[in-house]
Amino acid sequence: MKKILTYITISIIFMLNVSCTELKNDTTINSSTMKVGIVDETFSMSVPEEYTETSSEYIDKYFTKDDTASIIFTKDSDVYQYDNANEYYSNAISQYKETFYNVQEISSEVVTVSGIYNAQIVEFSYEIYSESNVIDMTCYVEYILTGNTVYIVTCSAPTDKYSNYRNDFVQSIDSISINR
């Protein structure tokens, strides 16, 4: 749970420091050319080539595009108390509701990753209030429960630009593979 709060804090800092750039409003869905993104001993995921690898004090490696969209991988270990990814998501969304404003679920789907692991893919929006304005964000997130570990891939962008990145987010999440 401490990792969820850390992640939420990192997300706030990241989003408040990201400068939004004007993008053309092209909602055409195209396949992006993918590259290897995250790989560790059990988890792998590809990301679109146009995304730049970066890091922060709290996250060793994540990806951004246009200083607007981000794809972040985290994992939470020793989470034996959850029977499925939906339970973990329910807890996580409660944390979002305590931290952000106007959290609204857009969609939610139970899926299986690598033919074995229970996962929950969700889309939701929320607002961040700063001193000078309100930032509306939308996320596409997958929570994957693998026994005592939950892998979390959070893809996010400002709500008014989200449709420009959604296909990239879906392709990245669709590329996830877990080997145990």
>> For Tyr126 and Asp136: C-alpha separation, side-chain torsions, deciding distance, then whether side chain to side chain donor-acceptor pair (under 3.5 Å) applies.
In response: CA-CA 6 Å; Tyr126 60 92; Asp136 292 311; over 6 Å; no

> Which is it for Thr159 and Thr138 under the side chain to side chain donor-acceptor pair (under 3.5 Å) test, yes or no, and what are the steps along the way?
Replying inline: CA-CA 5 Å; Thr159 299; Thr138 300; 2.7 Å; yes

> Ile152 and Glu142: side chain to side chain contact (heavy atoms under 4.5 Å, CB included), yes or no, with the steps?
Replying inline: CA-CA 6 Å; Ile152 307 157; Glu142 183 165 36; over 6 Å; no

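Within the 4.5 Å cutoff, side-chain heavy atoms of Phe73 are placed close to those of Asp40. Taking 4.5 Å as the limit, some side-chain heavy atom of Thr146 sits within range of a side-chain heavy atom of Ile178. Side-chain atoms of Leu145 and Val79, non-hydrogen and from C-beta on, do get closer than 4.5 Å to each other. Counting heavy atoms from C-beta outward, Tyr89 and Glu105 have side chains that approach closer than 4.5 Å. Between Gln120 and Ser108 the shortest side-chain heavy-atom distance falls below 4.5 Å. Contact of the Ile121 side chain with the Ile173 side chain is registered, since non-hydrogen atoms from C-beta on lie closer than 4.5 Å. Contact annotation: the side chain of Tyr162 approaches that of Glu123 to within less than 4.5 Å [non-hydrogen atoms, C-beta and beyond].
Here Tyr151 contributes atom OH and Thr149 contributes atom OG1; the two are 5.5 Å apart, rounded to the nearest 0.5 Å. Here CD1 of Ile59 is found 4.5 Å from CD1 of Ile72. Values are rounded to the nearest 0.5 Å. With values rounded to the nearest 0.5 angstrom, Lys161 atom NZ is found 13.0 Å from Lys65 atom NZ. In this structure, Ser107 OG and Phe124 CZ are separated by 10.5 Å, a value rounded to the nearest 0.5 Å. Going from atom CD1 of Ile71 over to atom CE of Met45 covers 6.0 Å, rounded to the nearest 0.5 Å. If you take CG on Asn179 and CZ on Phe43, they are separated by 11.0 Å, rounding to the nearest 0.5 Å.
Looking at Gln81 and Tyr88, their side chains never bring a donor and an acceptor atom within 3.5 Å of each other. Side chain to side chain, Glu127 and Tyr129 meet the donor-acceptor criterion of an N or O pair below 3.5 Å. Side-chain contact annotation: Asp168 with Ser172, donor-acceptor N/O pair under 3.5 Å absent. Between the side chains of Thr54 and Thr64, no donor-acceptor pair is found at a separation under 3.5 Å.
Val110 and Ile116 fall into different hydrophobic clusters, where Ile, Leu, Val, Met, Phe, Trp and Tyr residues are linked whenever their side-chain heavy atoms come under 4.5 Å apart, directly or through other members. In terms of hydrophobic clustering, with Ile, Leu, Val, Met, Phe, Trp and Tyr side chains grouped at heavy-atom distances under 4.5 Å, Val170 and Phe63 are assigned to a common cluster.
Heavy atoms of other residues, nucleotides or ligands lying less than 6.0 angstrom from NZ of Lys61 number more than 12. Within a 6.0 Å sphere centred on CG of Asp60, heavy atoms belonging to other residues, nucleotides or ligands number 12 at most.
Residues Glu49 and Lys35 come closest through the heavy atom pair O-NZ, 3.5 Å.
Of the possible donor and acceptor atoms, none in the side chain of Ser94 sits under 3.5 Å from a partner among the backbone N and O of Ala92.
By the 4.0 Å N-to-carboxylate-O rule, Lys75 lies close enough to Glu41 to be salt-bridged with it.
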